[in-house]
Each structure stands twice: as C-alpha cells, then as structure tokens.
Amino acid sequence: MQKTDNSRRDFLKSAALAGGGFMLSFNWFGKEVLAADSAVAATTAAGDFAPNAYLSISPDGIVSIFSPNPEVGQGIKTAFPIIVAEELDVDWANVKVLQAPLDTKKFERQVAGGSGSIPHSWQRLRKAGATARQMLIEAAAKKWNVSAAECKTEKGYVIHITSNKRLSYGELATDAAQITPPTDVKLKDIKDFKLIGSTVKNVDNKPILTGQPLFGIDFYREGMLFSMIQRPPAFGLKLKSFDATAAKAMPGIVDVVSFKNKVAVVGKSTWEVKKAKDVLKIEWEKEGNLESTDDHNKLFKELLDSPKAEVRRKEGNVEEAFKNAAKIIESEYQCPFLPHNPMEPMNFFAHVREDGVELVGPTQTPANAQGQTAKLLNIAPEKVTVELTRMGGGFGRRLGTDYVLEAVEVSNLVKAPVKVIWTREDDMTGGSYRPAVRYRFRAALDKQGNMIGYTLRGVGINAGNPTRENNFPSGAVPNLLIDSVDHKSPITTGPWRAPITNFLAFAEQSFLDEVASAAGKDAVQFRLELLEKAKTAPAGPVRYDIDRMKAVIELAAEKSGWNKKRKGVSLGFSVYFSHASYVAQVGEVVMKKGKPVLQKIYAAVDCGVVINQSGARNQIIGGIVDGMGHAMYGNLTFSEGKPNQSNFNTFRLIKMNEIPAVDVHFVDNGIDPTGLGEPALPPTGGSIANAIFKATGKRLKNQPFIEQEEKLLEGIS
Amino acid sequence: MAVYNLNINGKVYKTDVAPDTPLLWVLRDHLGLLGTKYGCGMAMCGACTVHINGEATRTCILPVSSVSAAKITTIEGLSEKGDHPVQTAWNEVDVPQCGYCQAGQIMTAAAFLKSNPKPTTEEIETAMSNNLCRCGTYHRIREAVQLAATKMKQ
Ligand code: FES
Ligand code: FES
C-alpha cells in the first residue's frame, strides 16, 4: 500500500471523558481538512533530489512522484507515477504519490479529458524518470571513482557491477542534486518493463476505503461558509425578482446574494442553506424558447429534410450511386439528452481575498478555472491558485468551469471563504448535457452487395457537428456525403464521456449491421471487406489505422467464437475507433422465457502498451457498464424547458443485477499507449443492439432501449 | 437547536444542531467525519450508508433526533486500522475507480455479510443492487463481497 501523508488530516482533538469512552469536542476553528495532498507536493525540502517537476527523492529514501493531471476516476494518479517509476527503476512499495497543484510553468496540459493524458505525457514521464536515474548513476560513479557505464540500477539502488558495491537512491540524493541533468537519456526497451504492464492497485485505495477526506466536497476550512444556489428552473427563463426575507430569517443563514440570474443562499452549514434555499420566493420570466422533448422530436424530422445542412465530408457522386443502386437501405436512430451524474455532485471552494484567489476542488481543467477566474475578477492569472482534489467522477461535466465561477462570485460578494454545493437535483437539472441527436443513414448497394454509396445526416440540439466524418467507414466508400444541421437551444450541452461517439458509434454500427444483412454478408466479413477497400482503394483521406482496426475485429471474433455456431446463442458485433484507441465488441445474447438475456460482452482493445492491467481493465469494464446503462435506461426529457427527471428516482442508472459478464482482451502491440477513459464506451450500444436483433429480430433504434421495447427488455441480464 | 450526545464509532460526540438535520450532514459538517458521502439526498444511491445498531442505514434522510440513543458506526469506525475483511477484500480486488460511492458500498456489504456470512451470488446482487456506482465497478464489488465472505470464514 502506498504511503500517504496523513498528518494534516489528524484534526480531531480528543479528551478523556468521565464515565468511559472519549468525548470528542469537535471544532473546525483553527483546523483545516486538506482534501488534496497537492499543497504538500508544492514543497520540497533542502537536501532533496528534485531533478524535475515529476519527482523528488529525499535523503531518507522516500521517492515522491507528483501526478500533475486531475484524477477523476480514470486512474491517472496511479498510471502516471508507474511510468516515472519504471524508468527511474525504483521499488513501487517505496513510492509516495502526490497530486501536484496547478502549475502552468512546470506542467503542460493539466487536463483530464479526451483520454489524452497518457498519449501527451508518455514520453515526458519516461524521460523524467530516466533522467533522474542517469543522474543518480553519475553521482554514484563519481563517489566510487568509476565510470557510469560500469553501473546499473535495481529497485532504488545504484550498483557497481564488478565490485557489487551498492548505494540507495536516498543515500545518493544530495550528491545527485549537484549533477547537471543530461539532455539525452536512454529510455528502457519496452521488453524490459517490469512495472508497466503489471497489476498495480489504485494509489488512493487506503484513504478511499477508510473514508478519509479526498474529494472536493470533503474540503473544509476555518471560517468557511456554505452556499447553495437557485438557478433558473427551466432553460429559457431568467430571474425577474426575488424575496429572501424568509430565507434570511432562517437559522444559520448569513446572507442571500444574487448574480447572473442566480440566487445564492450563504450560511453556516449545508443543511441550513438547503432549507433556506427551499423557502426563497423567486419570480422568473421568459427569456428564450421554452422547449419540450415533443418539440425536438418534430424539429428533428424537419432538420433531417432541411436543405441548409453543413457538408462535413463529400466524395464521388452520391446521387449517381443511389440512382444506380441495386438496393437502398435507409434508417434513423435517435438519442436523448443525458446528464453526467457524477456521484459527487458539483461543488467548489473559493476564497477571494484582496491579494488573490484560492480555489480548491474537483475540476478536469484547472488551468481554465484559473484563467476564467482571473478574467471574471479582472486580475492576473498568477493571483489565482488551484488545488486539485480527487473527483467523484466527472464524465466531462467537470471540464466546464461554471460551478467554479459560481463559488468565486459568491465568495467575492460575501467576502468570505465559501464552498458552493449542488444538490443532486441541482446537478441533474443544471444543464451541460449530452445533446439529443437524430441520425439518418442511407446506403447504396450494387448487385454484388458492395456499398457504393453512403450518406449520413446528423441533426442535433446544440450538438455542433454530431458526425465524425473522418471515422470509419469514410475512406471505404467511393461515394459519400456526411452533413449536419444544428438547432440552437437554451438547453445547455457539453462534452459527455466520449463526446458524440457515445451515441454515434451505436447508430453507425447498428446501421452497418443492417447494411451487411441486406447485402447478405456476415457482419465481421462485411467490416473487414470495407477496411480492405479503404486500404487498397481509399476514397479520400483515411484517419484511422486500418491494420489496428482489423486486428481488434479479428481478436474479438476469435475470443467470442464468432465463427462457431452455438445453439441458442446470438452474437452481435461492433467496432469503434475513438480517442486514439480501437475497441471491438461482441455481445452475447440467449433467450430465456421468450426474453433476450445479455450474458456477456467480449471486448478486444488496442490502446498500445497497457500501463496498468488493473486500472486498464477497470476503465474498460466501467466504460462498457456505463455505455450499456445509458443505452438501456438513460433518458432526460423536457417540458417547457424544464427537465422532467431530477434525481435517481426518475433517472435510472444501471445496477449490479443488470450487468453482463465482460471479457477483456488486449492486442498489446508495443505501440505508444493511448487513453482508456472513453474508448470502451462507444461500441457498447451497438454490440448489444446487434445481438438483440439476431436473437429477436427487433432492431433497437432509439435510446433508451427500455422505452422502445419495455416488455422485451426489462430484466435483460 | 438541540444538544445531542451521539455514540459514533465507540466514542461520544456532542453536537448542537436542529433536530431535523439529517445524520449525514451532522457527520460531515459538524463532526468532521467526511467518509460518509452525499449522492442523492433521497435514499436512492446508498453513498451515505452507515450502521445504526448494526444495520446498514441511509443517513441522508435520517434526522439526527431519531438516532440520539443509537449505536452508530461510520466508515471511519468500521475497523481501527482499515483492515476489516471487506476493506481488505476491496483493496485486493482493487475495486475503486473514482472511489466516491465505495464507503457506502463497503458499509452495505459489511452489514450484509454479518447477517448472511455465506451468500450466494444472487443474494449478493439483491443486497448490493441498490447501491449505485456511476463508474460501473459492480463486477469488482461483487467479487470483493465474495472474497470478503471467504475471509470472514477464516
Ligand atoms: S445520499 Fe443517501 S442514499 Fe444517496
Ligand atoms: S467508484 Fe465512482 S461512483 Fe463508484
């Protein structure tokens, strides 16, 4: 288990109490619960060897590795240090991992999003570890008066090979600090990796499993006030007036303030501000359209036929191809809005002082939090510090900074340190959703069943471009048109785990299944043929690696026994390239009492080098469960701009008794690693729907599936 | 406001709060016991689960006035060194992703295994299915409950 610094968390005063037991007189004053260890990471002591921003070694042998990127549950706080420790060649048991605070001078891209952290940092982290290792070797060589080439390292020791003399990294730390960092270091051969590719446990397991404060919501500070905010209850409304008399008279309430169409109650405890918020009297007025889901459904139909679409990719002559087609397949797919629903609702701490701003909390984009706070208050960004806490999930929601800026606004208005907390209802109705989208696909087949034409129109509500025009099957079809129409709405949207592809992949992979069966071809064979075309006769640019895609398709087919017929078993195929990783899936369905039961999902994954077996599998399985849960059940609808679901009683999340078995296989081709926070999710809806189609003949086209086929699907696994 | 001497994790905590304050917020805001989490506030997710007289109970809708005489155990008090079989099983299986729901999962599992030390997979699913995990760690939770059961037998 990793060492963690708990001294700052020992904040309880205890005193003996007559009559046995202890009386704990608890008092926040003069105390602070530090939710992140990032403040510790910002300091290094004299005598420490701190060759770069990623690590330091103290003379007592403690190796501290700093993880600069926000930890949102994707496992980066474990994966990053593994990479550094591998090249440093140190015993993992002696490594202490610390979250680094935002530091735009020391680090680049302190972001959790787009599955981009690993690809961005892979070489940097390896170099950081290897450079330090080289300096330690040189320090030892100097001491022994031998050449560095005669020395090797092993688990935190430098060893002189012939004499077998050894010095620990701790013993060498002070001397190593005097060595000039080499500019050109040799990285390990990936064959020699010991830690990378092994099974390493989450470095925060101990504090997580014992309930120590770690998350943004766990941050408490002396004199801190609590705030809850009433935001417009419907998209398209703005604040007209409010009466806070009753709220202000409630116990524990310090103030009620208003900014930007919001009313914030500020007080001494969460429960007191919650109760006061409930008695606010607020009048809202119309500012924009108050849209309902029914309106959107009608609108989608119009937009699908609109002549005013934006062309995203065009090749060959689509009209010709469809005119000459032997067969035309057309199909539409639709998905609803989705809230992110991280288990830890939005919250943030801000203290706006005369001399600067202190921010602490869960954010996927600390540099944006800093920059936008500076802009809001018209101060220099250097005046804003950001400490990163562990996040109780994000799924894209914490890429935004709205909830950070709210804390800044409230703190600025009441001139006190403030933590803003959202209730679940605030969180679910607060916007920034995965946009609702509808797609229309058309395919033209020639007499031999070749796809000679392909069109995709995506229409969405604040979806921007809901296509990924350069993804498969683009490049494999000679005549192709991909376009989109967007509707601007007051309902706010934003990136949601695997933006756009979280739904597009399902629609596309289901449609290709329809096309394959119309062409009388096997689903796997059909995809492989298309890839072959993209390789031998590419129609326009191909932005995915054909061989890597083929490899995951073949691996998934092999592991699932795609070509072996099993009685009563129906398999559905799906493959998707997103966020630089390739994932193919096979869903396995059997019929029980006339109902399809999803027994298993096989996943073949190419994310290059696997850094941590445990973390990687956790992400893939979690992504599949997430993809399945939202495809099956997730639905956020609107009535006149107001979300109809606001908590887990009306918004259904997947549960333990609803999950299939998941069987994960890696290609492991030694290619530089890519991220895994997102890529396993997109293919999931397709592998499930295609298997259900095989088993039942029912084609699932609209999410959530449960609403299209309630009788059929309740109790699917 | 009213004064309560709450029996939590074998110690007595004195607090002065409104009687309708949910135990969850007393623990978090007033007593500094932050392991118990807020997820929904309506007994739908299980993040706020503690043991009240040994029974897994959701604290987000539980007024403090109703537990003034109860024996309360929170995640911080489940074991002294963080080595309750459920906690060690959770670590061995490496369950957490974000980790936010896990205290509630662990408290639910610990109470369940006490009442049913040799559960079937189905019984585990029934007992655990109302604890939500947005990260989807259900496979590992199920495995960890099974592992904890074998640990407790020893
Ligand atoms: S917070 Fe209590 S059950 Fe969700
Ligand atoms: S681990 Fe993130 S909610 Fe369960």
Side-chain angles (χ1 to χ4, degrees), chain A residues 1 11-12 17 21-26 28 33 72-75 201-202 204-206 208-215 217-218 220 226 251 269-272 341-345 390-393 395 423-424 614 618-619 621-626 629 647-649 653-657 659 662, chain B residues 1 7 10-15 17-18 20-22 25 28-42 44-45 47 74-76 78-79 82 87 90-92 94 96-103 106 124-126 128-142:
Chain A
M1 179 121 325
F11 50 85
L12 290 176
L17 177 76
F22 283 97
M23 168 66 101
L24 289 149
S25 68
F26 187 80
W28 287 113
V33 177
V72 69
Q74 83 281 43
K201 296 189 170 87
N202 189 324
D204 276 341
N205 270 359
K206 180 89 186 183
I208 288 170
L209 304 180
T210 54
Q212 291 171 45
L214 272 178
F215 299 93
I217 204 168
D218 299 339
Y220 286 74
F226 297 75
S269 75
T270 311
W271 185 245
E272 285 168 321
N341 281 333
M343 247 10 235
E344 178 194 14
R390 193 178 178 84
M391 284 174 267
F395 311 101
T423 62
R424 175 57 57 195
S614 183
N618 221 352
Q619 285 310 303
I621 296 171
I624 289 173
V625 171
D626 190 359
N647 207 321
F648 299 127
N649 56 339
L653 284 184
I654 192 166
K655 297 181 171 186
M656 184 191 279
N657 58 358
I659 55 169
V662 178
Chain B
M1 304 288 266
N7 178 344
K11 295 163 193 153
V12 182
Y13 287 78
K14 187 173 172 179
T15 187
V17 293
D20 69 345
T21 311
W25 295 113
R28 293 185 57 84
D29 285 358
H30 303 277
L31 305 179
L33 292 166
L34 298 162
T36 308
K37 297 294 192 251
Y38 167 76
C40 69
M42 61 184 313
M44 293 300 298
C45 76
T74 68
I75 183 74
E76 291 91 341
L78 183 63
S79 62
Q87 287 167 313
W90 242 251
N91 179 49
E92 277 169 46
D94 196 23
Q97 282 188 35
C98 82
Y100 193 80
C101 72
Q102 301 296 347
I106 288 171
I124 294 174
E125 287 179 354
T126 309
M128 299 302 298
S129 273
N130 287 319
N131 280 67
L132 301 177
C133 173
R134 177 66 181 82
C135 299
T137 63
Y138 297 129
H139 293 85
R140 290 191 181 186
I141 291 173
R142 190 169 57 198

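Order of the sequence lines sets the chain letters (A, B, ...), proteins ahead of strands, with each chain counted from 1.
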Selection from [options] maximising heavy-atom pairs under 4.5 Å formed with chain A:
options: Met44(B), Arg140(B), Met42(B); value: Arg140(B)
options: Ala47(B), Ser129(B), Gly82(B); value: Ser129(B)
options: Asn7(B), Asp20(B), Ile124(B), Thr74(B); value: Asp20(B)
options: Thr137(B), Val17(B), Thr21(B); value: Thr21(B)
options: Met128(B), Lys37(B), Met1(B); value: Lys37(B)

Ignoring hydrogens, what is the shortest heavy-atom contact between [X] and [Y]? Give both atom names and the distance.
X: Asp218(A); Y: Arg28(B); value: OD1-NH2, 2.9 Å
X: Gly393(A); Y: Cys98(B); value: N-CB, 3.3 Å
X: His139(B); Y: Ile621(A); value: ND1-CG2, 3.2 Å
X: Met343(A); Y: Cys101(B); value: CG-CB, 4.2 Å
X: Asn618(A); Y: Pro96(B); value: ND2-O, 3.2 Å
X: Phe215(A); Y: Gly99(B); value: CZ-C, 3.7 Å

Practice item. Apply side-chain hydrogen bond (donor to acceptor under 3.5 Å, both in side chains) to Tyr138(B) and Asn657(A), showing your working. Key: CA-CA 9 Å; Tyr138(B) 297 129; Asn657(A) 58 358; over 6 Å; no
Check your understanding: Considering only heavy atoms, which portion of Met391(A) lies under 4.5 Å from any heavy atom of chain B: side chain, backbone, both, or neither?
Key -> backbone
Exercise for review: Go through the atoms of Gln74(A) and report whether side chain, backbone, both or neither lie under 4.5 Å from a heavy atom of chain B.
Suggested key: neither
Under a 4.5 Å heavy-atom cutoff, which of [options] has the most pairs with chain B?
options: Leu209(A), Val625(A), Asp626(A); value: Leu209(A)
options: Gly622(A), Gly75(A), Pro342(A); value: Gly622(A)
options: Asn341(A), Val72(A), Ile624(A); value: Asn341(A)

Practice item. Look at the side chain of Asp94(B) and the backbone N and O of Asn202(A), then say whether any donor-acceptor pair between them is shorter than 3.5 Å. Key: yes
Check your understanding: Do any N or O atoms from the side chain of Tyr38(B) and from the backbone of Thr423(A) form a donor-acceptor pair under 3.5 angstrom?
Key -> no
[X] [atom1] to [Y] [atom2] distance, which is reported to the nearest 0.5 Å:
X: Ile75(B); Y: Ile208(A); atom1: CD1; atom2: CD1; result: 11.0 Å
X: Leu132(B); Y: Lys655(A); atom1: CG; atom2: NZ; result: 6.0 Å
X: Arg134(B); Y: Phe648(A); atom1: CZ; atom2: CZ; result: 8.5 Å

Which bit of [X] comes within less than 4.5 Å of chain A, counting heavy atoms only: side chain, backbone, both or neither?
X: Asn131(B); value: neither
X: Trp25(B); value: side chain
X: Leu78(B); value: neither
X: Arg142(B); value: both
X: Gln102(B); value: side chain

Review point. Looking at side-chain heavy atoms only, is the closest gap between Trp271(A) and Asp29(B) below 4.5 Å?
Key: no
